[in-house]
Structure formats: structure tokens, C-alpha cells
Amino acid sequence: MSLVHEIDYGTPRSKSEKLVSLVIDGMKVEVPEGTSIMRAAMEIGNQIPKLCATDMLDAFGSCRLCLVEIEGRNGTPASCTTPVAEGIVVKTQTERLKQIRKGVMELYISDHPLDCLTCSANGDCELQDMAGVVGLRDVRYGYEGENHTKLGKDESNPYFTYEQSKCIVCNRCVRACEEVQGTFALTISGRGFGSRVSPGMNESFLSSECVSCGACVQACPTATLNEKAMYDIGTPEHSLVTTCAYCGVGCTFKAEMRGDELVRMVPYKDGKANRGHSCVKGRFAYGYATHKERILKPMIRSSIHEPWKEVSYEEAIAYAASEFKRIQEKYGRRSVGGITSSRCTNEETYLVQKLIRGAFGNNNVDTCARVCHSPTGYGLSQTYGTSAGTQDFDSIEETDVILVIGANPTDGHPVFGSRMKKRLREGAKLIIADPRKIDLVRTPHVQADFHLPLRPGTNVALVTALAHVVVTEGLMDEKFIRERCDWDEFQEWAAFVADERHSPEAVAKYTGVDPQDVRKAARLYATGGNAAIYYGLGVTEHSQGSTTGRHPRAVRKPVGREAGCRARPAHPQHVRRRRRWHLQGHVCAGRGHSSVRPRHPPRLGRPRRAGMPRGAGSVPERDGELRPRVPARLLVPGEGRHLHQCRASHPAHPQGDGPQERLCRLGSHRHAL
């Protein structure tokens, strides 16, 4: 095995659909308008030397190694900051350019420690690589005189070191902290020869605002910022692409190893969720993989009073199977069940439910999807016919107005939170509906346009009030709605939300939110461009979870505009639930409640086991499992709550909804909700 190498194109990809043709070193290339000459050259395999440029960051043009010549133009512009133009002829390898690049590299090396053989980045250093590319073999200026080779080392951060003497002031770490992470913990202090990278106001990394996301470490082209494991273990020799084992954002990493020892986790640029970024846990908190207390061998015991005994896998499996059989023989078939976590893979979850249903013969299977995903699954499936989120991570880059309700992205899902903050710094508007004053309400370089501090339990009332403003003020596109919705049903719904009892003024006594702020927020959402709704556990793990999950349509449907992401133009806006995405896979794999589990037809030509029903592989008997039915419910959003019709002889009463059976609060019977 070898290291997984990723191509660095030098500058980000252009999103323009217009193509431009040019000639680079005699080869014709066609790239999107706005592409840099550096990236265009890399598209045809022509790598222009660089130090300050990387495709994770915007072009900067400070290292002066990437100079090129353009026929008909004076000078030698930097290829990273010079966009392509129709018909231009570019030369990247001329004698003049070679001399300039070699001279620039001499200046870098004359002020750099010459300890390459003992350096922690030996073999993984871009400065070292570029010195070879430009053909540098000697430094005319010598190594005497004033320099920075004796500066100290900051080892305060537990995960990486900052060795100032090796810094070439390329600004990549500073720009990564700003553009990728959005923390702004690093800056360049001093001027001219005294310029240095500084955490905060000349603080140590540990005492600064650094959150140890590792973006600066990944961006650094030298050993200035380097993982401490690189000092202790050495340069990795092979790597595997894997998924982070922490929260369910699903960040992709390269696990780089030396032998069977994990050296570091490097964010994978092609990861659909993280796009080369990470948080502190995914990047540095991988010690559990080799922790001394990690259990690596199966153990059994017959009583809690006995110590654990290490055994072989064969013995452990045989013992577990015999105990399952013993328990079922003694207590009945329903006495055994299975529960999986969203940290399990979809394949593991599928096999567990298959084991319970096929081998144990009952339906006692569950997962945490019951608590935090079934409300979303039920609500969205009732609205859109699918229980999954309607857009992908990249759609945030095309969003103009963001509504966050019941979620705290910067704390709960910091990688996506960083992408959201980046879009906000680019000009997107932000509406926060949350009882808490989360970081996004006001944080450096980001401030919410509206914070709606609703009282807990009034999610539905607030969203209905937002819809009231959109409908009553005519902020919708009738043509769009007629093409995608049932018009008669829409008119019925519009008449319902337009009722005065759902106005911001009427529901203010329940939500506690200023009616004028609600009206302004609704107008911004409806008229601000491509809008997106992001909601989390503050919505789903609530008695109103399913209803609120359905009610984003209360704001979305009447607006009638395509989303920024062209993948799903039928949806006016995005709804994205930032939570453990494995939950959706677990539901589809046959776990969780039957009301959110899809009914898959049996595979043709495959024999069915005797006694097993047709359909999704469930057994005929109930076995005590609650099997909810899709309810006939009465929605009465008056007074900011939903009331469910009780089939008993007492009045309707407040009741949280969701795909679950619940005991009636006014009686001992069950409601099928």
C-alpha cells in the first residue's frame, strides 16, 4: 500500500458555465471562465511551482514562484491570481522564469534552517519539493547575517507544534483559519523582515482563540505547524480513506499510518461532507484507536460477580448463541431483542435487524432513530414523500437566506458550522429561531439579522406565524406553486394560516417573540433569494417534532422559488436536518418504527422462508412491539399547539404528535398517533 495522494490545483474551481479556450506551453486547454492560469495548467498536468497557493484557499499571490509569461503582455504575472482569457498564449517554462524562480527560492532558503534530514516534515515538505523543482543547488547569499533560524518553538497545543524558525510567512495558515474555519485566531504581526505568524495578540496557541481544528496544520507547506505524532512516529508510509467515527456529519479522512501505527488523520478534499476540513475531534482525537484500555479480544462471563475472561471469537459466538437460545426457551420468543446506535454502519444495522427477525423470530428491534429521526422521517415523508433531507452539504454555498431553528451548528456539527459561517461572511442573511443565544447570533464576523427567542414548545406556532406573513402579504410565486402543488389543497392551507389567530401579534403571547421581528424575518426569508431551513434536535426531540418537521412547508411552499442547488428544483427551498445521517440509513435498513420504515417489495425469484410474511421481512406476530398506524388527526394550531382527536368519549386534549402510540393523558387507553 502507498499514500493516497490528492491533486492540488492551486486555486479553487470556478463555478462559471461559460468556457474559455487558451494555449499553455503549446497545448490547448478549455476551462470555465474565472479559472486561474495555475489551475488551467494543472488541468493538463502542467504543475507550476507554488508555495502560497492551494485549492483549499482563495488565491493570494505572495510567494512569487508561480510567475508565467503571457504573449502580448508585459511582466511576469502570478499564475494563481491571473484568470484565463480567451485566446491567450501562456508560457510556464522559459529561461527567464527559471532564473526568477531560482532567485526567489534562494531567498527563502537563506532564511530557513538547514535541518532537512532531522526535520519532522522530511519527505512531506513543499518547500523541499519546490527547491528541487526549480533546480536550486546552492545559495549565493550565504547563511550568515540576520535571520530567523533561532526563533523558539510553541508546544502549548496538545496536538501540534509551532516552530517559528521554519515559517516562510506564506499566510496559508492565517487564510485557512479565516476562510475555512472562520475563527480568525491567527494573524501576521510585525512588518517587513519582522513579520511573523502570531496566534491572537502574541499569545500561545493554547491561550489564543484557536479551536485546534487543524486547518492551519493542513495548510502549512513546511514543518512550521506539524502534528506531534510526526516527531514521535515518523512520516507515514501508507494511508486509507475512511469516515470519522464521531458525529454523523460523515467527514471523510485519510488515515495515514506507518506499519499498523496510526500517525495522523488528514481531512480528505473529496469528502462530500467536509471538503477537506475537520474539527478537533476528527483531526486529532483518534487516540482511542490505540488506547491501552481498548478491548481487542472477546470476553465472556456467566455472572456479574465473576471477572471477565478472554476467549476466542468462536467460543464467544457460541456462548452468546447458547445464552440467547436458553433465554428464549425459558422466557419466550419475545424475551430477546436488539438495539443499535447511529454510530454503527448501515450494514451492521441491517444485519442486526435481520438476526432479530430471521433468527430470533420477533420484531424487538430498535435504534436511536426512534427518538431523533422518526419525527423527521414521518414529517418529511408526509410532506415530500421521502424522509431524507432534500439537499446536500454543498447547497449551503448557493443559499442567500438561512433559517436555523432548534439547532446549534457551530457546537453540534462544527465542520458544517464553518461552511455556514463562510457563506454568511460572503453576504448570506441569517435568521435564528432558538430560545438560546447561540454563537451564530453574534460571533466575530458573523451576526444574525434576526434572533427570534421563542419559548420552548412554541415551534409550530412561530413557523405558522411566519407562514401567515408570507401568505397575507402575497410573498409567493403562484405560477411556481401551481406547477408543483395541488392548487386546491394549497388554497385550503393558505386560508388556514391566513386566519388572524395565526398572526404574529396573536401568537406573541405564546411564543414571546416580538411580532415586528417575526414579520421582518418572514419578509427577509420570502424575498431574500435562495433560502434554506436547517433544524436539529430542538425540533425533532420534542413533543411537536413531527408537526414541526412537516411545517417547514408552511414557510417554504408559498414562497415559490427554486433552491440554489439545481439538483432538486422541485423544492422551493432546502430543508436540511443536521443530525446523525446514519439514522436515515438505519430506517431504510429496517430499523426503527414501521411508520417511517419503507415497505420494500420482496425480491422476485427469491424463495420465502416458511412462516415469514411477504414485504419488508417483519414477522406476522406483534410480539409486544408498538406498531403505530398512520393517524387520522385533527390539527388545531389554535393557541400555538396541535390537538389530536381522541377516539374516546372525552374532549380533545393537547398531545405531542409523532409516529408512536401514546397513553392518553386523560385516560388509560392508547391513541394511534
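Along the sequence shown, residues are numbered consecutively beginning with 1.
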(request) I would like to know whether D154 and S204 meet side chain to side chain contact (heavy atoms under 4.5 Å, CB included); could you show each step before the answer? (result) CA-CA 7 Å; D154 180 358; S204 67; 3.8 Å; yes
(request) Indicate the atoms forming the closest heavy-atom contact of C173 with L225, along with that distance. (result) CB-CD1, 3.7 Å
(message) Between D394 and R419, does any side-chain N to carboxylate O distance fall below 4.0 Å?
(response) yes
(message) Which residue is it: V518, T458, V507? I am looking for the one with a side chain to side chain contact (heavy atoms under 4.5 Å, CB included) to V513.
(response) V518
(request) Answer yes when K228 and E155 have at least one side-chain N-carboxylate O distance shorter than 4.0 Å, and no when they do not. (result) no
(request) For S341 and T367, indicate whether the former's side chain and the latter's backbone hold a donor-acceptor pair under 3.5 Å. (result) no
(message) Would you say that V470 contacts Y525 through its side chain, given a criterion of any heavy-atom pair below 4.5 Å between the two side chains?
(response) no
(request) With the side chain counted from C-beta on, respond yes when P515 and E505 share a heavy-atom pair under 4.5 Å apart, and no when they do not. (result) yes
(message) Please check: side-chain N/O of H277 versus main-chain N/O of V415, any donor-acceptor pairing under 3.5 Å?
(response) no
(message) What I want to check is whether the side chains of D55 and T11 have a donor and an acceptor closer together than 3.5 Å.
(response) no
(message) Quick one: does any side-chain atom of S198 pair with a main-chain N or O of I188 as donor and acceptor, under 3.5 Å?
(response) no
Going by atom type alone, with no hydrogens or angles, which donor-acceptor pairs under 3.5 Å involve a side-chain atom of residues 282-290 and a protein atom two or more places apart or on another chain?
unit_1, atom_1, unit_2, atom_2, d
R283, NE, M265, O, 2.8
R283, NH1, G214, O, 3.4
R283, NH2, E227, OE2, 2.4
Y286, OH, V263, O, 2.8

(request) For I7, look at atom CD1 and say whether over 12 heavy atoms of other residues, nucleotides or ligands are found less than 6.0 Å away. (result) no
(request) Determine whether Y535 and L403 make a side-chain contact, defined as any pair of heavy atoms from C-beta on separated by less than 4.5 Å. (result) no
(message) For R275, is there an ion pair with E397 - N to carboxylate O distance below 4.0 angstrom?
(response) no
(request) Any chance you could measure Y162, atom OH, to L151, atom CG, to the nearest 0.5 Å? (result) 8.0 Å
(message) Just so I know, are the side chains of P32 and R13 near enough to count as touching, which here means a heavy-atom distance under 4.5 Å?
(response) no
(request) Could you please spell out the steps behind the side chain to side chain donor-acceptor pair (under 3.5 Å) verdict for S16 and S14? (result) CA-CA 6 Å; S16 175; S14 172; 4.9 Å; no
(message) Give me the atom names and distance for the closest heavy-atom approach of A59 to T81.
(response) CB-CG2, 3.9 Å
(request) Supply the atom-to-atom distance N202 CG to S207 OG, rounded to the nearest 0.5 angstrom. (result) 10.5 Å
(request) Please step through side chain to side chain contact (heavy atoms under 4.5 Å, CB included) for the pair L440 and L424, ending with a clear verdict. (result) CA-CA 10 Å; L440 283 176; L424 292 170; 4.3 Å; yes
(request) Please determine, by modelled atom types, if T224 and N226 share a side-chain donor-acceptor pair under 3.5 angstrom. (result) no
(request) Would you indicate whether K509, at its atom NZ, is surrounded by more than 12 heavy atoms from other residues, nucleotides or ligands within a distance under 6.0 Å? (result) no
(message) Can you tell whether the side chains of D124 and R264 come within less than 4.0 Å, N to carboxylate O?
(response) yes
(request) Please list, chain by chain and in numerical order, all residues satisfying side-chain contact (heavy atoms from CB on, under 4.5 Å) with A506, sequence neighbours excluded. (result) S503
(request) First locate atom CZ of F253, then atom CG of N274, and finally report the distance between them rounded to the nearest 0.5 Å. (result) 6.0 Å
(request) Looking only at non-hydrogen atoms, find the nearest pair between K421 and G182 and report the distance. (result) NZ-O, 3.6 Å
(request) State whether E6 and K269 are salt-bridged, where the test is any N-O pair (Lys NZ or Arg NE/NH1/NH2 against Asp/Glu carboxylate O) under 4.0 Å. (result) no
(request) Taking the side chain as every heavy atom from C-beta outward, state whether I438 and T410 have any pair of such atoms under 4.5 Å apart. (result) no
(request) For side chain to side chain contact (heavy atoms under 4.5 Å, CB included), just list the numbers for I431 and V404, CA-CA rounded to whole Å, side-chain angles, deciding distance to a tenth of an Å, and then say yes or no. (result) CA-CA 6 Å; I431 303 168; V404 177; over 6 Å; no
(request) Determine whether T243 and Y268 make a side-chain contact, defined as any pair of heavy atoms from C-beta on separated by less than 4.5 Å. (result) no
(request) Could you walk me through whether S208 and E203 pass side chain to side chain donor-acceptor pair (under 3.5 Å), step by step? (result) CA-CA 6 Å; S208 70; E203 305 168 277; 5.6 Å; no
(message) Nearest 0.5 Å, please: how far is CD1 in I168 from OG1 in T222?
(response) 5.5 Å
(request) Determine the minimum heavy-atom distance between L186 and P199, stating which atoms define it. (result) CD2-CA, 3.8 Å
(message) Is there a side-chain contact between S195 and V169 in this structure, where contact means two heavy atoms from C-beta onward sitting under 4.5 Å apart?
(response) yes
(request) Using distance alone, with no hydrogens and no angle criterion, decide if N157 and S212 have a side-chain donor and acceptor under 3.5 Å apart. (result) yes
(request) Could you tell me whether a side-chain N or O of S36 sits under 3.5 Å from a main-chain N or O of R39, the two making a donor and an acceptor? (result) yes
(message) Nearest 0.5 angstrom please: F60 CZ to K50 NZ, how far?
(response) 15.5 Å
(message) I need the minimum non-hydrogen distance between H468 and P504, along with the two atoms involved.
(response) CD2-CD, 3.8 Å
(message) Tell me whether R523 is salt-bridged to E473, with the criterion being a basic N under 4.0 Å from an acidic carboxylate O.
(response) yes
(request) Could you tell me whether R175 and E178 make a salt bridge, using a distance below 4.0 angstrom between a side-chain N and a carboxylate O? (result) no
(message) Apply side chain to side chain donor-acceptor pair (under 3.5 Å) to residues T399 and N530 and explain how you reach the verdict.
(response) CA-CA 5 Å; T399 302; N530 294 325; over 6 Å; no
(request) Evaluate whether atom NZ of K254 has more than 12 neighbouring non-hydrogen atoms of other residues, nucleotides or ligands under 6.0 angstrom away. (result) yes
(request) For the pair R442 (side chain) and Q447 (backbone), establish whether a donor and an acceptor sit closer than 3.5 Å, ignoring hydrogens and angles. (result) no
(request) Give, for atom NZ of K272 and atom SG of C251, the distance between the pair rounded to the nearest 0.5 Å. (result) 14.0 Å
(message) For a 4.5 angstrom cut-off between non-hydrogen side-chain atoms, does V463 reach I405?
(response) yes
(message) I'd like to check the side-chain contact (heavy atoms from CB on, under 4.5 Å) partners of A185; sequence neighbours left out, ordered by chain and number.
(response) C177, T183, E209, C210
(request) Determine the minimum heavy-atom distance between G61 and C52, stating which atoms define it. (result) N-SG, 3.8 Å
(request) State whether K520 and D449 are salt-bridged, where the test is any N-O pair (Lys NZ or Arg NE/NH1/NH2 against Asp/Glu carboxylate O) under 4.0 Å. (result) no
(message) What verdict does the side chain to side chain contact (heavy atoms under 4.5 Å, CB included) test give for V4 and L240, after you've listed the backbone C-alpha separation in whole Å, the side-chain angles of each residue and the deciding distance to 0.1 Å?
(response) CA-CA 7 Å; V4 176; L240 295 171; over 6 Å; no
(message) Checking the side chain of R436 only, and the main-chain atoms of P453 only, is there a donor and an acceptor separated by less than 3.5 Å?
(response) no
